[in-house]
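Have a look at the structure below, then the notes.
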Amino acid sequence: MGEIQEVHLCIKGGNSKWVSTLVQSAAFPTLLIPLYFISSPTTRTPQQPSLTTLFFIYIFIGLVVVAASMMYSYGLLYLPVSTYSLICATQLGFNAIFSYFINSQKLTPYIFNSVVLLTFSASLLGVQSDSTNHIPIPKGEYAIGFLCKGDYAIGFLCTLGASALYSLSLSLAQLAFQKVLKKETLSVILEIQIYPSAVATCACLVGLFASGDWKDLKGEIEGFKEGKVSYVMTLVWTAVSWQVFSVGSLFLIYEVSSLFCNVISTLGLPVIPILAVVFFHDKMDGLKIVVMLLAVWGFLSYIYQHYLDDSKSRKSKSTGNEVDQKTDTST
């Protein structure tokens, strides 16, 4: 949802990279801080991480988020929407690699199959939008069609790098949950969103004023095609949707894994056109059906691996209990 609104903002004339980056983190005080104070902790581990460790974690994750957001903003400016979406689909592959090395995620054939199918379905979706929608994103006074090869290459590399950094931030969040923030509370999820968001917001504000972009904001607001109110509301709802999305993602990471979170996110891409057919009477073609089937197949492959893992753990527990009972009987 947040990315869709950012695309809308760029198409209608909102070209400030720092503003596009800022809205991805700036809404945390109004949404998350009140929720943090009303959340009731249940269980805490006796040993809490040091403030220095927490400070390093939040600073590092916040800066990674800023870098990824800025690179995504450059990608939106320099690439057509379809190409941008196509490259963003690579984040699932990056996440699988980071999960393997950072989170010790086992890449079984079923998980590998899931990653390949979901990435392929998202890529097909980008190809389809490229063939049916040629709306350019303006860069200043020039349309995307008149960008030089250097600009296109910058957009490609920035979007690819942003996908890698975003996947890295998910794996780092999972690592922090597992190794450092060992608390079974809602507050731990909010903490790892609030503090890095505060770091990211401060970094964006520094960049906005240091780069001089703030001087152009008045002209950008006045030149927005749908008016000043629409510009402000687009920023507000983009900021809100990013926070909701981020907290939901962290909850999935906390409960399952960063790879599962990315699988769910990627699964949502092919589902959107299907919902458009149901609610907005969009046209259903063969490619959309293929994309949906590939996405569902990939998701079921991932779920089946979880089923196998759960069955294996239950068998090992039952075997352990039987051994304990036999030991007690013999004594």
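Between the side chain of Ser104 and the backbone N or O of Tyr100, no donor-acceptor pair lies under 3.5 Å. Of the possible polar contacts, one joining the Thr90 side chain to the Ile87 backbone as a donor-acceptor pair under 3.5 Å is found. Remark: the backbone N or O of Phe28 is not paired with any side-chain donor or acceptor of Ser197 at under 3.5 angstrom. At distances below 3.5 Å, at least one donor-acceptor pair connects side-chain atoms of Ser241 with backbone N or O atoms of Thr238. Of the possible polar contacts, none joining the Thr159 side chain to the Phe156 backbone as a donor-acceptor pair under 3.5 Å is found. With hydrogens and angles disregarded, no donor-acceptor distance shorter than 3.5 Å links the side chain of Ser301 to the backbone of Trp297. In this structure, the side chain of Gln174 engages the main chain of Ser258 through a donor-acceptor pair within 3.5 Å. Asp213 contributes no side-chain N or O that, together with a main-chain N or O of Leu208, makes up a donor-acceptor pair within less than 3.5 Å.
Note: Leu35 CG to Ile194 CD1 = 8.0 Å, rounded to the nearest 0.5 Å. The line from OG1 of Thr21 to CE of Met71 is 11.5 Å long, rounded to the nearest 0.5 Å. Taking CG of Leu181 as the reference point, atom CD1 of Ile192 lies at 5.0 Å (rounded to 0.5 Å). Once rounded to the nearest 0.5 Å, the distance linking CD1 of Ile102 with CD1 of Ile97 reads 11.0 Å. The CG atom of Leu107 sits 8.0 Å away from atom OG of Ser99, with the distance rounded to the nearest 0.5 Å. A distance of 5.0 Å separates CD1 in Ile111 from OH in Tyr302, rounded to the nearest 0.5 Å.
For the residue pair Gln24 and Ser69, a side-chain donor N or O sits within less than 3.5 Å of a side-chain acceptor on the partner. Looking only at atom types and distance, the side chain of Ser249 has no donor-acceptor partner in the side chain of Ser246 under 3.5 Å away.
Between Asn103 and Phe98 there is no side-chain heavy-atom pair separated by less than 4.5 Å. The closest side-chain heavy-atom distance from Tyr78 to Cys158 is not below 4.5 Å.
The two residues Tyr231 and Ile221 make their nearest non-hydrogen contact at CE2-CG1, 3.4 Å. When all heavy atoms of Val115 and Gly93 are compared, the pair lying nearest together is CG1-CA, 4.1 Å. Across Phe177 and Val188, no two heavy atoms sit closer than the pair CE2-O, 3.9 Å. Across all non-hydrogen atoms, the minimal contact from Ile57 to Ala176 is CG2-CB, 4.3 Å. The minimum heavy-atom distance linking Gln243 with Ala27 is given by the pair CG-CB, 3.7 Å. Scanning both residues, Ala295 and Leu118, for their nearest heavy atoms gives O-CD2, 3.5 Å.
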### Residues Leu92, Leu259; criterion side chain to side chain contact (heavy atoms under 4.5 Å, CB included); working and verdict
CA-CA 7 Å; Leu92 185 57; Leu259 187 59; 4.0 Å; yes
### Task
Go through the steps for Val65 and Ser25 under the test side chain to side chain contact (heavy atoms under 4.5 Å, CB included), then give the verdict.
CA-CA 9 Å; Val65 169; Ser25 59; 5.6 Å; no
### Task
Go through the steps to decide whether Phe56 and Val180 satisfy the test side chain to side chain contact (heavy atoms under 4.5 Å, CB included), and finish with yes or no.
CA-CA 12 Å; Phe56 175 78; Val180 183; over 6 Å; no
### Task
Before giving the answer on side-chain hydrogen bond (donor to acceptor under 3.5 Å, both in side chains), spell out for Gln305 and Thr108 the whole-Å C-alpha distance, their side-chain angles and the decisive distance to 0.1 Å.
CA-CA 8 Å; Gln305 181 60 55; Thr108 65; 2.7 Å; yes
### Check against side chain to side chain contact (heavy atoms under 4.5 Å, CB included), Ser163 and Tyr72
CA-CA 8 Å; Ser163 298; Tyr72 274 133; 3.8 Å; yes
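Classified by interplanar angle (parallel below 30°, tilted 30° to 60°, perpendicular above 60°), the ring pair His306/Phe260 is perpendicular.
Shown here are the ring-ring contact (aromatic ring centres under 6.0 Å, His included) partners of Phe245, two or more places apart in sequence or in another chain: Trp242.
Across Ser257, Ser171, Ser265, Ser167, a single residue satisfies side-chain hydrogen bond (donor to acceptor under 3.5 Å, both in side chains) together with Asn95, and that is Ser171.
Annotation for Tyr58: atom OH counts as buried by contact number, over 12 foreign heavy atoms lying within 6.0 Å.
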